[in-house]
Structure formats: C-alpha cells, structure tokens
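See below for the structure under consideration.
The chain is numbered in sequence order, starting from 1. Values reported hereafter were calculated over all heavy atoms of this structure, with side chains retained and with hydrogens, waters and symmetry mates removed.
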Amino acid sequence: VRRHVRAMVRLRDRKIVRDAVLMGELERVTSRAGVHRTIRLTMTDAIRSPIALGRGEICLPSCVMAQLTPEQREAMLAHELAHLQRNDPHWLIAFNVVEALFILQPLNRIARRRFQHASEQLCDEWAILHMRAPLALAQCLREVAHWLRADRAPLPYHGMAEASSPLL
C-alpha cells in the first residue's frame, strides 16, 4: 500500500495528452490491434519509462515526443496497450499483495519477478504481432533502457522496462 501511495503521489502531476500527433498514433495502434475501448493517454516528467495503469491508462514520460520516432512511439504504445489488454496492472497488484501478506515466503518474490519478466516478453510479442515493426520496438526498448539507467526510483507498475529488467 505504501509503494502504491508513493507512486500515486509521484504521478499526481500527470496531464492528459491533447497532442493531435500522439493521439493519432494511439488511434492507429488501437485500430490495428482491434481494441475498441477508450484508452486514456497521460504524460509526466516524473517517470522515465511508459507505464500501464489500471484498466485503461497509459502514462508516458514527457521526453517521448522529442526522443522517439513516430514508429518507435507506436511500438511503445502497442507494448503498453498489451499490458492493458492482459490486465497486467491488476495481476501485478495481486502479486504484490500476496508478496506483502506472506513476506516470509521468498518464493512469492520470485514468482512476481518471473511474472513481470514473462509479461514484458509477451507484451513485446503482442506489439510485434499487431504492429509488424520489430525494429522500431527494439530501437524503442534500447532508448528506454538508456533513460532508465538514471532512474533510481522505479514505480511498482508495469513499465516498458524496469530498473531490474534483463533489458538493461
């Protein structure tokens, strides 16, 4: 609960994206993937990796427009959309609750980490399948990994990569 509250405090300044270019990219991604629900797109300076929140929000770091190409941004959005489609944010909360309740059982932490690792791989595969842009996704992942090297306070949510990611 403490980690979640800290994360929400850190994300409180996020703003709804109104940029027509970025909203158009999100619309193309959802259309190609056959997703018909509304996805809320937000942006903040408080994070270095995009994250999927709840059932329908993708929060992006503010630097995505300046540092990624349109193809890389679409690959990023597809990856995060995959987390929402799989309900990964809710599963991660469930894993965190089990881990906190049964703190003396070290296998719960291993299970959560393996879930996160497998989830990242599955979301990469989903993004490639729906976007057909494996090079753009690889370039995006490389760029996000560079951003994360300096992030000392990762959030307890699914991001494109986290500080302990094998990607780094």
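D88 places a side-chain heavy atom less than 4.5 Å from the side chain of C123. For the pair L92/R112, a side-chain contact is recorded, criterion being any heavy-atom separation below 4.5 Å from C-beta on. Between L22 and L60 there is a side-chain heavy-atom pair separated by less than 4.5 Å. At a threshold of 4.5 Å between non-hydrogen side-chain atoms, the residues P50 and E80 count as touching.
Atom CG of L107 sits in a crowded spot, with more than 12 heavy atoms from other residues, nucleotides or ligands closer than 6.0 Å. Counting non-hydrogen atoms of other residues, nucleotides and ligands closer than 6.0 Å to CH2 of W126 gives a total above 12.
Using a 4.5 Å cut-off between side-chain heavy atoms of Ile, Leu, Val, Met, Phe, Trp and Tyr, with links allowed through other members, V29 and L135 fall into different hydrophobic clusters. Tracing side-chain contacts under 4.5 Å through hydrophobic residues (I, L, V, M, F, W, Y), one reaches F102 starting from I93; they form part of the same cluster. When the side chains of ILVMFWY residues are joined at heavy-atom separations under 4.5 Å, either directly or via intervening members, F115 and I110 end up in two distinct hydrophobic clusters. Criterion: ILVMFWY side-chain heavy atoms under 4.5 Å apart, direct or through other members. Under it, M23 and M65 are part of a common hydrophobic cluster.
Partners of R114 according to the side-chain hydrogen bond (donor to acceptor under 3.5 Å, both in side chains) rule, which considers only residues two or more places apart in sequence or in another chain, do not exist here. Every residue meeting the side-chain contact (heavy atoms from CB on, under 4.5 Å) condition with T69, not counting sequence neighbours, appears here in chain and number order: E71, Q72. By the side-chain hydrogen bond (donor to acceptor under 3.5 Å, both in side chains) test, Q67 is found to be paired with W147, residues two or more places apart in sequence or in another chain being considered. Among residues two or more places apart in sequence or in another chain, the salt bridge (Lys or Arg N to Asp or Glu O under 4.0 Å) test is passed with R109 by E99. Among residues two or more places apart in sequence or in another chain, the side-chain hydrogen bond (donor to acceptor under 3.5 Å, both in side chains) test is passed with Q121 by H117.
Rounding to the nearest 0.5 Å gives a distance of 8.5 Å between CD of E143 and CE of M76. To the nearest 0.5 Å, atoms CD1 (I58) and CE (M43) are separated by 11.5 Å. With rounding to the nearest 0.5 angstrom, the CG atom of L137 is 12.0 Å from the CZ atom of R142. Here the straight-line distance linking atom OG of S62 with atom NZ of K15 works out to 8.5 Å at 0.5 Å rounding. Atoms CG and CG, from L53 and L84 in turn, are 8.0 Å apart once rounded to the nearest 0.5 Å. Taking CD of E57 as the reference point, atom CD1 of I39 lies at 10.0 Å (rounded to 0.5 Å).
Contact between H130 and A33 at its shortest, heavy atoms only, is CD2-CA, 3.4 Å. Summarising the geometry of A75 relative to A127, their closest heavy-atom pair is O-CB, 4.2 Å, with the distance given to 0.1 Å. Closest of all the heavy-atom pairs between V17 and T42 is CG2-C, 3.8 Å. Of all heavy-atom pairs spanning R10 and I47, the tightest one is NH2-CA, 4.3 Å.
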Stepwise side chain to side chain contact (heavy atoms under 4.5 Å, CB included) check, L11 with I51: CA-CA 11 Å; L11 292 172; I51 54 175; 3.8 Å; yes
Worked verdict on T38 versus T30 for side chain to side chain contact (heavy atoms under 4.5 Å, CB included): CA-CA 9 Å; T38 302; T30 56; over 6 Å; no
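Applying the side chain to side chain donor-acceptor pair (under 3.5 Å) rule to pairs touching residues 18-27 yields E25-R73, sequence neighbours excluded.
For the pair T44 (side chain) and D13 (backbone), a donor-acceptor distance under 3.5 Å is absent. Listed for the R37 side chain is a donor-acceptor partner under 3.5 Å among the backbone atoms of R55.
The aromatic rings of H79 and H83 stand perpendicular to each other, their planes meeting at an angle above 60°, with 30° marking the opposite boundary.
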